Student: 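Before I ask anything, here is the structure I am working with.
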Amino acid sequence: MWQWIIGLVLASMIVCSIGIYLLSRLLLSPNRVPYDKTYKLGIQKGEIDANIFHTLDKEELYIPSYHGYKLHGMLFPVKNSKKVIIIAHGIRWSLFGSFKYVEMFQKRGFHVLLCDHRFHGLSGGNYTSFGYYEKDDVRAWIDYLSVRMGDRAFIGLLGESLGAATALEVSKRDNRVKFCIADCSFSDFSSLLKLRLRLDLRLRFYPLIDVISLLIKLRHGWSFPEISPIKGLEKTKTPILFIHGKEDTFIPLQMTLDMFKRKKGNKKLYLVPKAGHAEAYNTDPKGYEKKVSDFIKEIECGLREEANLC
């Protein structure tokens, strides 16, 4: 009898272990949309005009990450400018999802760098880390641009979803970032996972998240609690524009509201009615552009106040 019970317990433990391992693999290796397909889908959605894309000056870039793989980016330059915006896309997509912002920033004299996250597009990396290593990759791009454009480069960040969380993490750590635009970021990764576990899988067994986190810590050296854009946000002096669609059903609007409340100093909030996840620009492009333009003008003006140029 006892042998049968012990065997059943051991079998259950093995099944649970396999399940947890598979869940961790699925989490770190989500199904990505192929690079070429993101371009075609961008055209279908109206985010990319193929004629404009092919006629614009651009430069494909590959730089080394600080973690042993190559990073891919696409730079859209303007003449005689020290201003550059780095744009980071969301999960499962590629840099083509950020092309819709190129014209908006070029009109304001910005070079525009679109970059593929690790494990996405044409960048290397064996899995996604939801901002943990991605923040180092963005800093690698900042290092590259600082050398190429000089120490006086005016560098800003814009990110959507995963890209927004990454941009916030970088903004907390790197004073070379003059401003950050965070579009539909999560505030804390563990909290988001618990929410998705409840809504998507109808499970409330939250210790499962902690077990998977521990497994990833042992295997890859980082854990879910280490990915939390809201932590320490009150200490950063980087101006931040928080953006979120009011109809976002993937990352709760409340997460952006919590971060906005936590941030001290220069901050702005733009909530877009009828916009779903990462659809703020597509829903209200004119309003989006105005909010971004006013935000950047205020920052640039503040930096030039001593010269009485505003």
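The structure displayed is predicted, hence computed values, not measured ones.
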Student: Test side chain to side chain donor-acceptor pair (under 3.5 Å) on H117 and S123; report intermediate values, then the result.
Tutor: CA-CA 6 Å; H117 287 303; S123 287; over 6 Å; no
Student: Are F186 and I91 connected in the hydrophobic side-chain network, where two residues link if heavy atoms are under 4.5 Å apart?
Tutor: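 Same cluster: F186 reaches I91 through Ile, Leu, Val, Met, Phe, Trp or Tyr contacts under 4.5 Å.
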Student: State whether the side chain of S161 and the backbone N or O of G163 hold a donor-acceptor pair below 3.5 Å, judged by distance alone.
Tutor: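 Not at all, since once roles are kept as given, no pair shorter than 3.5 Å links the two residues.
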Student: What is the ring orientation for F189 with F224, classed by angle as parallel under 30°, tilted 30 to 60°, or perpendicular over 60°?
Tutor: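 F189 vs F224 ring planes: perpendicular.
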Student: Are I181 and F76 in one and the same hydrophobic cluster, where Ile, Leu, Val, Met, Phe, Trp and Tyr link if side-chain heavy atoms are under 4.5 Å apart?
Tutor: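 Per the 4.5 Å side-chain linkage, I181 and F76 are co-clustered.
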Student: Kindly check if the number of other-residue, nucleotide or ligand heavy atoms within 6.0 Å of CD (E103) is above 12?
Tutor: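 It does not: E103 CD has 12 such atoms or fewer within range.
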Student: Is the distance from the ring center of Y35 to that of H72 below 6.0 Å?
Tutor: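 Yes: the rings meet the under 6.0 Å criterion.
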Student: Evaluate the side-chain proximity of L241 to I243: yes if any heavy-atom separation is below 4.5 Å, no if none is.
Tutor: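 When only atoms from C-beta onward are counted, L241 and I243 do touch, with a gap below 4.5 Å.
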Student: May I ask you to decide if S223's main-chain N or O and E226's side chain share a donor-acceptor pair within less than 3.5 Å?
Tutor: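 Yes; at least one donor-acceptor contact below 3.5 Å.
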Student: Describe, in one word, how the ring planes of W222 and Y133 are oriented to each other, choosing from parallel (under 30°), tilted (30 to 60°) and perpendicular (over 60°).
Tutor: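 Perpendicular: the ring planes of W222 and Y133 meet at over 60°.
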Student: Looking at D188, I230, L269, I240, which one forms a side-chain contact (heavy atoms from CB on, under 4.5 Å) with M259?
Tutor: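 Exactly one pass, corresponding to I230.
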Student: Does the gap between the ring centers of F105 and H111 come in under 6.0 Å?
Tutor: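 No - the distance between ring centres of F105 and H111 does not fall below the 6.0 Å cut-off.
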Student: When you measure from the centre of the six-membered ring of F242, is the NZ or CZ of K267 under 6.0 Å away and within 45° of the axis?
Tutor: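 Not satisfied by the 6.0 Å and 45° rule.
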Student: Run Y101 and E160 through side chain to side chain donor-acceptor pair (under 3.5 Å) and show every step you take.
Tutor: CA-CA 11 Å; Y101 299 113; E160 289 181 336; 2.5 Å; yes
Student: Find out whether E279 and K274 are in side-chain contact, i.e. whether some heavy atom of one side chain is under 4.5 Å from a heavy atom of the other.
Tutor: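 No - every pair of side-chain heavy atoms lies 4.5 Å or more apart.
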Student: Verify the neighbour count for atom NZ of K58: are there more than 12 heavy atoms of other residues, nucleotides or ligands below 6.0 Å?
Tutor: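 Yes, NZ of K58 has more than 12 neighbouring heavy atoms, counting only those of other groups under 6.0 Å.
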Student: Are side-chain heavy atoms of H120 and H89 found at a separation under 4.5 Å?
Tutor: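 H120 reaches H89 side chain to side chain.
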Student: With a distance cut-off below 6.0 Å to the six-membered ring centre and an angular limit of 45° from the axis, does K135 pair with Y132 as a cation-pi contact?
Tutor: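 So K135 does make the cation-pi contact.
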Student: As a test of understanding, state which of D183, I251, V272, L257 forms a side-chain contact (heavy atoms from CB on, under 4.5 Å) with H244.
Tutor: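 The passing option is I251.
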Student: K82 and R152: which non-hydrogen atoms are nearest, and at how many Å?
Tutor: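 The answer is CB-O, 4.3 Å.
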Student: Could you tell me how the ring of F154 sits relative to the ring of F110: parallel (under 30°), tilted (30 to 60°) or perpendicular (over 60°)?
Tutor: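 If you compare the ring of F154 with that of F110, the planes turn out tilted.
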Student: For D294, I'd like to know if atom CG has over 12 heavy atoms of other residues, nucleotides or ligands within 6.0 Å.
Tutor: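 Yes.
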Student: Tell me whether V78 is reachable from Y144 by hopping between hydrophobic residues (I, L, V, M, F, W, Y) whose side-chain heavy atoms are closer than 4.5 Å.
Tutor: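 Cluster IDs for Y144 and V78 differ.
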Student: Determine whether E169 and T166 satisfy the following criterion, side chain to side chain donor-acceptor pair (under 3.5 Å), listing intermediate values before the conclusion.
Tutor: CA-CA 5 Å; E169 293 285 14; T166 301; over 6 Å; no
